[in-house]
Amino acid sequence: PAPGGGPKKRRKGGGEDEGGKKRNNFWTHLYHKFIHAETVVIKSEETRGAVEALGLTQKHLKRLKLQFDEIDLDGSGSIDSEEFFEILEENRSPFTDALFALIDLDGSGTIEFEEYITVCVTYCMYT
């Protein structure tokens with residue numbers, strides 16, 4: 001939960017600067033993610049093989065990283081169960097716990113970016 005006991009809020013671009021003028025962090029965010037973003041490196045041989053089998057490019061991987069970062073509300077570099085359930089807009093249940101466990105391939109209790117890619121690629125291969 002967010003400070004004060006309320007639910008976590010999704011990060012959104014925009015807002016106002018000191019002069020009351022609108023600023024748009026969304027475009028700055030996109031610029032850094034797609035134009036100046038570093039190369040996405042896939043370390044796992046299994047994930048790399050799946051990425052290559054689907055012909056995913058750096059552009060695709062950067063887009064997946066952007067989506068991953070939007071789910072990772074606390075910016076920790078991994079998705080915990082709380083963030084996962086929030087994005088699904090589901091309450092925790094035995095079903096959602098089992099789904100999370102399937103995605104958390106290493107059993108760490110969090111979903112790292114490569115696990116996220118593996119699940120997305122697997123979904124694409126079988127749909």
Worksheet item: Can T110 and E112 be counted as having a side-chain donor-acceptor contact under 3.5 angstrom?
Response: yes

To the nearest 0.5 Å, how far apart are [atom1] in [X] and [atom2] in [Y]?
{"X": "S78", "Y": "E83", "atom1": "OG", "atom2": "CD", "value": "7.0 Å"}
{"X": "L61", "Y": "L66", "atom1": "CG", "atom2": "CG", "value": "12.5 Å"}
{"X": "F113", "Y": "I79", "atom1": "CZ", "atom2": "CD1", "value": "9.5 Å"}
{"X": "L73", "Y": "I87", "atom1": "CG", "atom2": "CD1", "value": "7.5 Å"}
{"X": "L99", "Y": "S93", "atom1": "CG", "atom2": "OG", "value": "9.0 Å"}
{"X": "K65", "Y": "D72", "atom1": "NZ", "atom2": "CG", "value": "7.0 Å"}

Tell me the closest heavy-atom pair linking [X] and [Y], and the distance in Å.
{"X": "R48", "Y": "K43", "answer": "NH1-O, 3.2 Å"}
{"X": "A50", "Y": "V121", "answer": "CB-CG1, 3.3 Å"}
{"X": "V41", "Y": "E114", "answer": "O-OE2, 3.9 Å"}
{"X": "D97", "Y": "R92", "answer": "OD1-NE, 2.8 Å"}

Worksheet item: Is Q58 atom CD crowded by more than 12 heavy atoms from other residues, nucleotides or ligands, each under 6.0 Å away?
Response: yes

Worksheet item: Taking everything shown except N91 itself, do over 12 heavy atoms lie less than 6.0 Å from its CG?
Response: no

Item to complete: Name the orientation class of the two ring planes belonging to F100 and F85 (parallel below 30°, tilted from 30 to 60°, perpendicular beyond 60°).
Response: tilted

Worksheet item: Backbone N or O of T96 within a donor-acceptor pair of the E90 side chain at under 3.5 Å?
Response: no

Worksheet item: Does D104 reach the main-chain N or O of I111 with its side chain, forming a donor-acceptor pair under 3.5 Å?
Response: no

Discussion item. Starting from L105, can I reach Y116 by hopping between I/L/V/M/F/W/Y residues whose side chains sit under 4.5 Å apart?
Written reply: no

Item to complete: Just do the side-chain contact (heavy atoms from CB on, under 4.5 Å) check on D74 and D80 with the steps written out, would you?
Response: CA-CA 9 Å; D74 62 7; D80 62 30; 4.1 Å; yes

